[in-house]
**Student:** 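Handing you this structure, nothing more for now.
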Amino acid sequence: MSAVPVGLVAQFPPGSRWLLNVRGQDIALFNVDGQLYAIDDRCPHAGSSLVSGRLDGKVIQCLAHGLRFDLATGEFRPGSKLCVATYPVSVVQGQILVDVSASIHREAKE
């Protein structure tokens with residue numbers, strides 16, 4: 001497993017978001033009601049940062065052009081070819097781990 005420790009759950013309460021650099025990749029990490037989500041911080045449309053976007057439940061809205069992405073699936077809308085990469089997040093002994101080598105949604109679905 002190539003997950004990288006990024007912080008402690010105790011320091012990352014629900015409603016928190018962090019911009020991380022994990023192995024050279026900018027990753028946005030969100031805690032939505034106790035569920036952790038990690039996505040590529042760049043909007044696939046124009047490259048704008050997503051970490052500071054408007055969060056509505058588990059959907060992040062890019063501030064540049066208003067595109068909305070599901071934090072769990074990375075999809076712009078179900079079945080869309082436009083999506084953002086998502087990464088597995090786990091918690092081991094209170095430590096948050098993000099595995100950037102195992103993108104769940106690196107490329108859009110056909």
Side-chain angles (χ1 to χ4, degrees):
M1 182 177 180
S2 57
V4 176
V6 297
L8 300 174
V9 171
Q11 299 170 321
F12 195 61
S16 298
R17 57 178 83 187
W18 285 343
L19 176 61
L20 310 167
N21 188 284
V22 181
R23 294 193 175 150
Q25 291 183 254
D26 288 333
I27 304 294
L29 181 68
F30 298 88
N31 183 334
V32 179
D33 297 327
Q35 180 67 46
L36 300 174
Y37 300 97
I39 64 170
D40 190 336
D41 185 50
R42 291 169 297 148
C43 177
H45 173 245
S48 297
S49 175
L50 292 172
V51 75
S52 60
R54 189 162 48 108
L55 191 60
D56 181 14
K58 64 177 186 128
V59 174
I60 189 72
Q61 182 175 9
C62 178
L63 294 177
H65 298 101
L67 299 179
R68 298 166 49 91
F69 299 94
D70 185 300
L71 295 176
T73 66
E75 292 178 318
F76 170 60
R77 57 175 85 94
S80 173
K81 290 185 179 185
L82 185 63
C83 58
V84 65
T86 61
Y87 303 93
V89 180
S90 58
V91 176
V92 176
Q93 298 178 344
Q95 180 73 48
I96 301 169
L97 304 170
V98 176
D99 190 350
V100 294
S101 68
S103 171
I104 296 171
H105 212 138
R106 186 171 302 280
E107 294 182 17
K109 293 179 181 178
E110 292 297 327

**Student:** Look at the side chain of D41 and the backbone N and O of V51, then say whether any donor-acceptor pair between them is shorter than 3.5 Å.
**Tutor:** yes
**Student:** Which value, rounded to the nearest 0.5 Å, describes the distance between L50 atom CG and R68 atom CZ?
**Tutor:** 12.5 Å
**Student:** Does V6 reach the side chain of L29, with side-chain heavy atoms less than 4.5 Å apart?
**Tutor:** yes
**Student:** Is the shortest side-chain heavy-atom distance between V84 and C43 below 4.5 Å?
**Tutor:** no
**Student:** Which heavy atom of S48 sits nearest a heavy atom of A64, and at what distance?
**Tutor:** OG-CB, 3.1 Å
**Student:** OG of S49 to CG of D40: how many Å apart, nearest 0.5 Å?
**Tutor:** 10.0 Å
**Student:** If you define the side chain from C-beta out and look only at heavy atoms, does anything of R17 sit under 4.5 Å from I60?
**Tutor:** yes
**Student:** I need the minimum non-hydrogen distance between H45 and L82, along with the two atoms involved.
**Tutor:** N-CD1, 4.3 Å
**Student:** Is the shortest side-chain heavy-atom distance between F69 and I39 below 4.5 Å?
**Tutor:** no
**Student:** Sub-3.5 Å donor-acceptor pair from the side chain of Q95 to the main-chain atoms of G7, do we have one?
**Tutor:** yes
**Student:** How many angstroms lie between atom CG of L8 and atom CD1 of I96, to the nearest 0.5 angstrom?
**Tutor:** 7.5 Å
**Student:** Determine whether more than 12 heavy atoms belonging to other residues, nucleotides or ligands lie under 6.0 Å from atom CG of N21.
**Tutor:** yes
**Student:** What heavy-atom pair brings H65 and A46 nearest, and what distance separates the two atoms?
**Tutor:** CE1-CB, 3.8 Å
**Student:** State plainly whether one hydrophobic cluster holds both L63 and L71, where clusters connect Ile, Leu, Val, Met, Phe, Trp and Tyr through side-chain heavy atoms under 4.5 angstrom apart.
**Tutor:** no
**Student:** Any sub-3.5 Å donor-acceptor pair from D56's side-chain atoms to V59's backbone N or O?
**Tutor:** no
**Student:** Any chance you could measure Q25, atom CD, to S101, atom OG, to the nearest 0.5 Å?
**Tutor:** 9.0 Å
**Student:** I'd like to check P14 versus V32 (side-chain heavy atoms, cut-off strictly below 4.5 Å). Are they in contact?
**Tutor:** no
**Student:** Using a strict cut-off of less than 4.0 Å between a Lys/Arg side-chain nitrogen and an Asp/Glu carboxylate oxygen, indicate whether D70 and K58 qualify as a salt bridge.
**Tutor:** yes
**Student:** For a 4.5 angstrom cut-off between non-hydrogen side-chain atoms, does F30 reach L36?
**Tutor:** no
**Student:** Between S2 and D99, is there a side-chain donor-acceptor contact under 3.5 Å, judged purely by atom types and distance?
**Tutor:** yes
**Student:** Looking at A3 and L97, what are the two nearest heavy atoms and their distance?
**Tutor:** CB-CB, 3.7 Å
**Student:** I want to check something: taking the side chain as every heavy atom from C-beta on, are V98 and V4 in contact at a cut-off of under 4.5 Å?
**Tutor:** no
**Student:** Are Y37 and T86 close enough that some pair of their side-chain heavy atoms sits under 4.5 Å apart?
**Tutor:** no
